[in-house]
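Input: a single structure, listed below in structure tokens.
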Protein chains: 2
Amino acid sequence: MSKANDQTTGPTARPTAAARGREVRRKLLATAAVLISEAGWNAVTTRTLAERAGVRSGLVHYHFESLPALLRQAALDAMRPALDEAVSVFTAAPTPADGAEALLAALDRYTGRDPESLLFTEAYLAATRDEMLRARLAEMTGRFRARLAAGAERAGHRDPEAAATALMAVLDGFLLHKALDPGLSAARITPLVRGLMTDPSKGEPP
Amino acid sequence: MSKANDQTTGPTARPTAAARGREVRRKLLATAAVLISEAGWNAVTTRTLAERAGVRSGLVHYHFESLPALLRQAALDAMRPALDEAVSVFTAAPTPADGAEALLAALDRYTGRDPESLLFTEAYLAATRDEMLRARLAEMTGRFRARLAAGAERAGHRDPEAAATALMAVLDGFLLHKALDPGLSAARITPLVRGLMTDPSKGEPP
DNA sequence: AGGTAGCTTGGACGAGTGTCCAAGGCGAAT
DNA sequence: ATTCGCCTTGGACACTCGTCCAAGCTACCT
């Protein structure tokens, strides 16, 4: 008897139908994330999406309930690992200030170069007008904020949650401003951003 | 002989054709700014715009070259006075830190309440994909940044331009985050934002 | 062998889109 | 009274949009 996953065929054999379907879903989601950043949330159409993904347009509504549902999932799927990596970068640093500096540096490298640079901003704006997206997105960013706050608290910050909120605001704000003016330097604002995570009540002069 | 602006007619008389035209332009621009914030830049259509403005749809392309051109002008016209007022608020404060606090407080009052709350964010994103808008917008925000930097410099900040950049990033970032989560408190991050405009090299302990 | 289930195709459908324009209206100037 | 110039109207135009589906395909199961 042969199991469903038997791959005893040749090296370049045709994948099973289910596997091809999975690949179509993956490509559509990945391409949608890029297009959202490139053209804007409301400018992603089924036809351009299918074309860029190398997929026939009829497949979009076979694999997904609707275009808005696809965009929601694409944005969330692309943001989750990005936020996870941000958490890693932050928690790997010895102090919250170093963590903030590392996050800013990572963001600086990311902006402009990455085809999904503006995905976060687009998703925030879209969430403003989409109840379901707002709930799922708020949960993800809430977890991120909690991680930042935990780091700030461990370092003895007076108001850790405020520090986390402020840090997230600078990061997303800087991302947006730098997209508009690539001349902006993350290095220049680094000392100021470090200051955000350093409790003002416990200054440490040289 | 009668001058063009003779308004010797009754109290509720029909205005001159030119005046009505000016009013149509004004209404379209004002309504467009609201709709951009409400529905998103790419979701503003000629027909919904005309309807919300109380104007026949055929007038849109009589008074404006194209819908994109109208949106550009609407955004810039609405942002200019807002930025001017922000400059006033900032420069009226005795110190840059007080100015930053005042700006944040004003932003906090503005967010959510105002129907144009998200206009700035939408305009930034649109400028990313529209060369002409980017140039005009960069000029306006550049002037604003220069005013903030001048204030920081007068107070002896080590890197005034960086301070201005960081302050603008927090403001726009906080605006966006608060639109998503109205529970965010501007008051909580105020001391941290004040710190941005206070040169870290010259701490002033009580 | 035939049957089944899932993926794929290409196009149809109606509702929307930005843009344009012939025709009409009306106050101001002559 | 007539002309002039600008504003206004309502709809036509040629798209593009999201969604849907009948028909075909092919790997797998019995």
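For the numbers below, each heavy atom of this structure counts, side chains included, while hydrogens, waters and symmetry mates do not.
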* Asked: Please give, in whole Å, the distance from dG16(C) C1' to Asn42(B) CG?
  -> 15 Å
* Asked: CG of Leu59(B) versus C1' of dC20(C): gap in Å, rounded?
  -> 13 Å
* To do: Name the closest nucleotide to the Thr16(A) side chain, picking from dC20(C), dC28(D), dT19(D).
  => dC28(D)
* Using a cut-off of 4.0 Å on non-hydrogen atoms, how would the nucleic acid contact of Val24(A) be classed: base, sugar-phosphate, or nothing? -> sugar-phosphate
* Considering only side-chain heavy atoms of Arg47(B), which listed nucleotide, dT19(D), dC7(C), dT19(C), is closest? -> dT19(C)
* Leu35(B) CG to dT17(C) P: how many Å, rounded? -> 12 Å
* To do: Would you check if Arg136(B) and Arg72(B) make a side-chain contact, meaning some heavy-atom pair closer than 4.5 Å?
  => no
* Asked: Between the main-chain N or O of Leu137(B) and the side-chain N or O of Tyr124(B), is there a donor-acceptor pair closer than 3.5 Å?
  -> no
* Which is true for Val55(B) with a 4.0 Å heavy-atom rule: it touches a base, it touches only sugar-phosphate, or it touches nothing? -> nothing
* Asked: Can you tell me how far P of dC20(D) sits from CG of Leu70(A), to the nearest Å?
  -> 14 Å
* Roughly how many Å is it from NE2 in His61(B) to C1' in dA12(D), rounded to a whole number? -> 15 Å
* Asked: Within this structure, what is the CG-to-C1' distance between Leu49(A) and dT16(D), rounded to whole angstrom?
  -> 16 Å
* Structure fact -> In short, Ala123(B) meets Trp41(B) closest at the heavy-atom pair CA-CZ3, 3.9 Å
* Would you classify Thr45(A) as touching base, sugar-phosphate or nothing, given that sugar-phosphate means primed atoms plus P, OP1 and OP2, and contacts are heavy atoms under 4.0 Å? => sugar-phosphate
* Return the 5'-most residue of the pair Tyr62(A), Ser57(A) with respect to DNA chain C, ranking by each residue's nearest nucleotide. => Tyr62(A)
* Does the distance from a Lys or Arg side-chain N to an Asp or Glu carboxylate O, for Glu23(A) and Arg20(A), drop under 4.0 Å? -> no
* Structure fact -> Here the distance between atom P of dC7(D) and atom CZ of Arg20(B), to the nearest Å, is 9 Å
* To do: Provide, to the nearest angstrom, the distance between the CG atom belonging to Leu67(A) and the P atom belonging to dG18(D).
  => 5 Å
* Asked: Closer to the 5' end of DNA chain D via nearest nucleotide, is it Thr48(A) or Arg22(B)?
  -> Arg22(B)
* Would you mind telling me which of dG18(C), dT8(D), dT9(C) lies closest to the side-chain atoms of Arg56(A)? => dT9(C)
* Output the single nucleotide from dT8(C), dG10(D), dT8(D) whose closest atom is nearest the side chain of His63(A). => dT8(C)
* Can Arg134(B) and Asp181(A) be counted as an ion pair, charged N to O under 4.0 angstrom? -> no
